[in-house]
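Contents: one structure, followed by commentary.
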Amino acid sequence: MAVESDVMEAAGPYDRARALSAFKLGDVTFYWITRACAISVLLILGGIILSLIVGAWPAIREYGAAFLWTQRWAPSADPPVLGALGPIYGTLITSVIAMMIAIPVGLGIAVFLTEICPLWLRRPIGLAVELLAGIPSIIYGMWGFFVLGPFLANTFQPFMISVFDGVPVLGTIFAGPPSYLSLFNASLILAIMVLPFITSISVDVFKTVPPVLKEAAYGVGCTTWEVVRNVVIPYTRVGVIGGIMLALGRALGETMAVTFIIGNSFKIQSSIFAPGTTISAAIASEFAESDGLHQSGLILLGLLLFVLTFFVLAAARLMLLRLEKKAGN
Amino acid sequence: MNFLRTIVAAGLVAASTSAFAADITGAGATFPFPLYSKWADAYKKETGNGLNYQSIGSGAGIKQIVAKTVTFGASDMPLKPEQLEKEGMIQWPQAMGALVPVVNLEGIKPGELVFSGELLGDIYLGKVKKWDDPAIAKLNPKVKLPSDAITVVRRSDGSGTTFIWTDFLSKSNAEWKAKAGSGTAVEWPTGVGAKGNEGVAGNVSQTRNSIGYVEYAYAKQNKLTYGAMINKAGKTVQPTIGAFQAAAANADWAGAKNYFVILTDQPGDASWPITGATFILMHKDATDKAASQEAVKFFKWAFEKGDKMAEELDYIPMPDSVVKQIEKTWSAEIKS
């Protein structure tokens, strides 16, 4: 008690104005610190774009817009002939196939976990999904190289090739020869890698559906499928799409695992069992040993990936806006 | 603001102390990295002086030494004499390596299949598609070859290994030279790309009927089936340390300006045709002369005492005649 009274005395008479100004100072500092943090994001982003443009400038001047639709990639030619069509094609194709696999499977897992799964099984499955997200991409790459690749090349691909042999369009998409390293292998690995993004975000938003809504639906005799289809999904649409976009962003930019198993060929081939390359894999492969126009071309590829990702995210925003408007009506 | 200043100051202090603690610094080619680390380790034990080598790739190594951020740069591709003059640098070969074609074919033993540069060029161009192609059968009349498609495996990452390989193909196959050329990354007409020597080795050992190219050490360690080669003199040679050294000894080092010699396809009956040297680059008039002298001391020591260590790791030491010449270059060119 004695100590306390000492302190009170030391503080002297209570000065309201001073205390208030101290609070105010704290508030202003807090305001500026958070503001600076937020603005720093814009600065960093601007800096990245600027340095990409500066680095890519020689290639932009040399190749112009033709860079986008030139398929040849000959860095050792004199002068180098560089075109981005192969990597752009590979990036889009692998991402699209990965999403085609990951979206239904991811949503399926999420629905099962939140609506159907018995309680005791929930934690193991949830944990497994989270573990999938925690595996480093190089491990996926190695697993794809040593385990998945041989399996696909020796078992799955020959089967698909023989099934679709002679069928007009599918015959060329699933054409031989089978290969350890191919667009399809990379897509499959990507699908597994982005699965946790879709699943865990979907699980989280599915949980936000008010139980009263679901109970009402069950009350009027809906089946589980109907509840998911007409109550849960519409209610959580925005969140689910957000998760899918996050996954798509990852798929577009994933580097290490893809570099290991895509086969790194700049040639565009109609078969998805043929080797290909993606923008990020091309950069990762060639950057260290590149110089001059070659390096500038690789930086330009990086800029393209940046722009591509930007457009995908912008498209997602637009889609969300439209959905929200519709919901509002 | 004070807070910021403290951080900056702390950063500066950390940077300056680490600069004092660092010994010789070098950066560049990934291929000699295991060798340089082993040498550095032994050198540190003997003299107490360390070496910090970062294997960031030949191209990046050249950039670092030009920017003077390291004491020496390392590259698998020699710089052209005029480029060296312009930067005020010298270069010399520090060690050698050899590439071997490797195959995965059932029933074929190491060294049994014979290739020529022209044939390898045609295979890598995608012109020779099957193993029982007459072009292969002609060189290997006694070997029973399957009628399966050849899976061509190559490097996907830019690399000095690829430079040596494509340089050899360019020298022995005119069509390859016109279509793909030589470089650390080229326009591959066919094949799947794997990352690193270990990627190619892994891919070949897993894929039936495949062919690839790796550093000799990787072929040996992974017990891959390597092929024999027909050299410039028209003789069939097996990949051995003796054949690799013969290639270096037969090269015209004395006549080459700034050691600008690419070791592929050298003359001589015993020469292995796909051999390459890995080079060290240094400034003649370095800003940090003490570090520069220290680096030369290290490389001199490596030439004198490092041969056995190199051979243990399946690198090939430079022949003594070449070493003598390099030592003369040091005393003539590097300012102290």
Side-chain angles (χ1 to χ4, degrees), chain A residues 29 33 36 71-78 80-83 86 138 141-142 145-147 149-150 153-154 176-183 185 255-267 269 273-277 281-292 294-295 297-298, chain B residues 3 27-30 55-63 66 75-77 126 129 148-163 166-167 170 177-196 198-199 202-210:
Chain A
T29 318
I33 287 178
Q71 207 202 118
R72 235 186 122 196
W73 183 268
S76 60
D78 192 30
V81 182
L82 303 177
I138 187 78
M142 280 155 63
F145 188 86
F146 287 112
V147 182
N154 298 330
S179 166
Y180 284 64
L181 311 175
S182 70
L183 285 170
N185 296 12
T255 310
M256 210 57 224
V258 171
T259 311
F260 253 66
I261 48 173
I262 199 161
N264 300 291
S265 164
F266 283 80
K267 283 222 160 80
Q269 291 174 54
F273 294 151
T277 191
I283 298 171
S285 291
E286 294 189 3
F287 197 80
E289 295 278 348
S290 67
D291 50 16
H294 182 198
Q295 189 163 73
L298 289 172
Chain B
F3 173 63
T30 48
S55 57
I56 51 176
S58 298
I62 292 170
K63 246 169 259 159
V66 168
S75 169
D76 293 339
M77 198 164 34
K129 289 187 164 66
D148 290 307
I150 302 174
T151 304
V152 172
V153 184
R154 48 155 178 96
R155 289 284 287 271
S156 63
D157 44 339
S159 85
T161 311
T162 291
F163 167 71
T166 52
D167 182 75
S170 296
K177 189 174 183 179
K179 278 199 176 152
S182 70
T184 53
V186 299
E187 184 187 18
W188 296 98
T190 185
V192 292
K195 207 170 158 10
E198 60 284 357
N203 215 345
V204 168
S205 65
Q206 282 192 53
T207 315
R208 257 168 288 156
N209 305 316
S210 62

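Lettering of chains follows the sequences in order, A, B, ..., and the numbering in each one begins at 1. Bear in mind that the values here come from a model prediction, so they are computed numbers and not experimental data.
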Self-check item: Exercise: identify the closest heavy-atom pair between B:Glu187 and A:Pro75
Solution: N-CD, 4.4 Å
Quiz prompt | When A:Glu286, A:His294, A:Gln295, A:Arg72 are compared by non-hydrogen pairs under 4.5 Å with chain B, the top option | solution = A:Arg72
Exercise. Among A:Ala153, A:Pro80, A:Ala77, A:Pro275, single out the residue with the greatest number of heavy-atom pairs under 4.5 Å to chain B.
Key: A:Pro275
Exercise. Nearest 0.5 Å please: distance from the CD atom of B:Gln206 over to the CG atom of A:Asn154.
Key: 9.0 Å
Quiz prompt | Exercise: identify the closest heavy-atom pair between B:Gly191 and A:Ser265 | solution = O-CB, 4.3 Å
Quiz item: Looking at B:Ser159, B:Gly196, B:Gly181, which makes the most heavy-atom pairs under 4.5 Å with chain A?
Solution: B:Ser159
Quiz prompt | Side chain A:Lys267, main chain B:Thr190, donor-acceptor under 3.5 Å | solution = no
Exercise. Sort out for me which residue in B:Thr207, B:Val192, B:Thr151 forms a side chain to side chain contact (heavy atoms under 4.5 Å, CB included) with A:Ser179.
Key: B:Val192
Quiz item: Are the side chain of B:Thr184 and the backbone of A:Ser290 linked by a donor-acceptor contact shorter than 3.5 Å?
Solution: no
Quiz item: CG/A:Asn264 to CZ/B:Arg155 distance, rounded to the nearest 0.5 angstrom?
Solution: 11.5 Å
Self-check item: Leading residue by heavy atom contact count with chain A [cutoff under 4.5 Å; candidates B:Gly158, B:Gly183, B:Ser75]
Solution: B:Gly158
Self-check item: Portion of B:Asn203 that has a non-hydrogen atom of chain A nearer than 4.5 angstrom
Solution: both
Quiz item: With only heavy atoms counted, which part of A:Phe145 is less than 4.5 Å from chain B, the side chain, the backbone, both or neither?
Solution: both
Quiz prompt | pair A:Phe260-B:Lys195: side-chain heavy atoms closer than 4.5 Å | solution = yes
Quiz item: What option among B:Gly61, B:Ser182, B:Ala194 has the most heavy-atom pairs under 4.5 Å with chain A?
Solution: B:Ser182
Quiz item: For B:Lys63, what residues pass the salt bridge (charged side-chain N to carboxylate O under 4.0 Å, His left out) criterion, not counting sequence neighbours?
Solution: none
Exercise. Under 4.5 Å heavy-atom distance to chain B, tell me which part of A:Met142 shows up: side chain, backbone, both or neither.
Key: neither
Self-check item: Contacting moiety of B:Ala149, where chain A heavy atoms sit under 4.5 Å
Solution: neither
